[in-house]
Visitor: 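Sharing a structure below in structure tokens format, with a few things to ask.
Atom set for the values below is all heavy atoms of this structure, side chains included, hydrogens, waters and symmetry mates excluded. We name chains A, B, ... by the order of the sequence lines, and we start the count at 1 in each one.
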Number of protein chains: 2
Amino acid sequence: MPKNESPSQAIRLNEEHVAENMTRTREEHATELAEDYVEAIADLIDEHREARVTDLARLFAVTPATVNNTIARLQKAGLVTSEKYRSIFLTNSGRELAEQCKARHETVYRFLLSLGLSHKIASRDTEGIEHHCSPETLRAFKKLADEAGSS
Amino acid sequence: MPKNESPSQAIRLNEEHVAENMTRTREEHATELAEDYVEAIADLIDEHREARVTDLARLFAVTPATVNNTIARLQKAGLVTSEKYRSIFLTNSGRELAEQCKARHETVYRFLLSLGLSHKIASRDTEGIEHHCSPETLRAFKKLADEAGSS
DNA sequence: CAATATTTTTAGCACATGCTAACTTGACAT
DNA sequence: ATGTCAAGTTAGCATGTGCTAAAAATATTG
């Protein structure tokens, strides 16, 4: 193998850039689940006054044991309150996060619909995309969705 | 707490739907890293004829130990070949995946640019979004990006 | 109220993804 | 050629996110 001349001046690969983005993506992953949980809990409370382990397990297609595990982390993070054998509630902080997430979700969803995608596809892709949109991108999405909506 | 009447007919929460989407998102996560790796390896090989552990470590802002670990998994998955103390290469399957990823990345990036976002923001958000776009959404993105590009 | 069914919790496991520290190998310069 | 330094590897650990199986608590129902 040839000696290699210090790959500092890559054409496609701006290293700092890529590294930053990877790091951010890793961090986002850590919060995605939390966001999904608080959003689901908020919705469940809206509809049934409480969110139970079983509801969440069904919703996320995981076992109750997994929900428990995750709830413990969310509690440590100050997003939910939970007492043994009782249902789960949001802290103020959790409620706030849930609202932000719901708004963001709405924006992405409406945006994808405005591109002409089906509800099914839009709903599916929103789930994956919503956690990775910067404020700038969200603003752009919102603008487009609003324009399309008013026509 | 009141008895709850089987939350099967939720308004916002279509359970099967949500469950499906969550399951898919989990699966996507499992492949994201693999995709990022093969794409980076392909780029490195393009530019330096080989991809070394150190290059990948720098690129992803992780330690060489972590790269090693991940490469072992990619090898088990049949995406790369790697021998001790040698640089890393793609299998046919890995090369194919890398190409798909690069195309997808390009599409998402050009699309975000076409919304008027800066290179920096577009590049950042592409990293997060690209792994979660269905073929349908990608098609829509591509169409819009192409239209904007030709003006 | 007692028997049964459901829900929740716990313990123990697995795997992915990261880390540090210590060791080995390879490359280069004198 | 050899000694030093960089690169790669290994072992051991942590955390997140999932699982199963068994135990405990709660709820329902005869």
Visitor: Might you point out which heavy atoms bring Ser87(B) and Glu50(B) nearest each other, and give the distance in Å?
Guide: OG-OE1, 2.8 Å

Visitor: Tell me which nucleotide among dG18(C), dT8(C), dT9(D) gets nearest to the side chain of Pro64(A).
Guide: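 The answer is dT8(C), which lies nearest to the side chain.
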
Visitor: What integer distance in Å separates Ile88(A):CD1 from dT7(C):P?
Guide: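 After rounding, the gap between these two atoms is 14 Å.
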
Visitor: Considering non-hydrogen atoms only, spot the tightest contact between Ile41(B) and Ala51(B) and give its length.
Guide: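 So the two residues come closest at CG2-CB, 3.9 Å.
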
Visitor: How close or far is atom P of dG16(D) from atom CZ of Phe60(A), stated in whole angstroms?
Guide: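 Result: 17 Å.
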
Visitor: Between OG1 of Thr25(A) and CZ of Arg124(B), what distance do you get to the nearest 0.5 Å?
Guide: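 The OG1 atom of Thr25(A) sits 10.0 Å away from the CZ atom of Arg124(B).
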
Visitor: Atom CD1 of Ile71(B) to atom P of dT10(D): distance rounded to whole Å?
Guide: 14 Å

Visitor: Provide, to the nearest angstrom, the distance between the CG atom belonging to Asp55(B) and the P atom belonging to dA6(D).
Guide: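 My rounded result for the distance is 16 Å.
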
Visitor: Tell me every residue that passes ring pair (Phe, Tyr, Trp, His ring centres under 6.0 Å) with Phe141(B), counting only those two or more places apart in sequence or in another chain.
Guide: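 Once residues adjacent in sequence are excluded, the partners of Phe141(B) under the ring pair (Phe, Tyr, Trp, His ring centres under 6.0 Å) criterion are Phe111(B).
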
Visitor: Taking only the side-chain heavy atoms of Asn69(A) (C-beta and beyond), determine which of dG18(D), dC19(C), dT20(D) contains the nearest atom.
Guide: dG18(D)

Visitor: Looking at every heavy atom in both Arg26(B) and Phe60(A), which two are closest together, and how far apart are they?
Guide: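 For Arg26(B) and Phe60(A), the tightest heavy-atom pair comes out as NH1-O, 3.3 Å.
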
Visitor: Under a 3.5 Å threshold, yes or no: a donor from one side chain and an acceptor from the other, between Thr66(B) and Thr63(B)?
Guide: yes

Visitor: Does Thr66(B) place a side-chain N or O at less than 4.0 Å from the phosphate oxygens OP1/OP2 of dC19(C)?
Guide: yes

Visitor: Charged N to carboxylate O below 4.0 Å: is that the case for Arg95(B) and Glu99(B)?
Guide: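 Salt bridge between Arg95(B) and Glu99(B), a charged N being under 4.0 Å from a carboxylate O: no.
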
Visitor: Can you measure Glu50(A) atom CD to dT8(C) atom C1' for me and round it to whole angstrom units?
Guide: 13 Å

Visitor: Applying side chain to side chain donor-acceptor pair (under 3.5 Å) to His132(A) and Glu127(B), what does each step give before you reach the verdict?
Guide: CA-CA 8 Å; His132(A) 305 281; Glu127(B) 217 71 50; over 6 Å; no

Visitor: For DNA chain D, which residues in residues 72-85 of chain A have a heavy atom at a distance below 4.0 Å?
Guide: Arg73(A), Tyr85(A)

Visitor: Taking OP1 and OP2 of dT17(D), is either one under 4.0 Å from a side-chain nitrogen or oxygen of Arg26(B)?
Guide: no

Visitor: Taking OP1 and OP2 of dT8(C), is either one under 4.0 Å from a side-chain nitrogen or oxygen of Asn68(A)?
Guide: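 Negative; the distance criterion is not met.
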
Visitor: Taking everything shown except Glu96(B) itself, do over 12 heavy atoms lie less than 6.0 Å from its CD?
Guide: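 At most 12 heavy atoms, drawn from other residues, nucleotides or ligands, come within 6.0 Å of this atom.
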
Visitor: Please report the distance, rounded to the nearest Å, between CG in Leu56(A) and P in dT17(D).
Guide: 15 Å

Visitor: Among residues 27-36 of chain A, which contact DNA chain C at a heavy-atom distance under 4.0 Å?
Guide: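 Per residue number, the list is empty: none.
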
Visitor: By nearest nucleotide on DNA chain C, pick out whichever of Val53(A) and Thr63(B) is the more 5' one.
Guide: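 Of the two residues, Val53(A) wins.
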
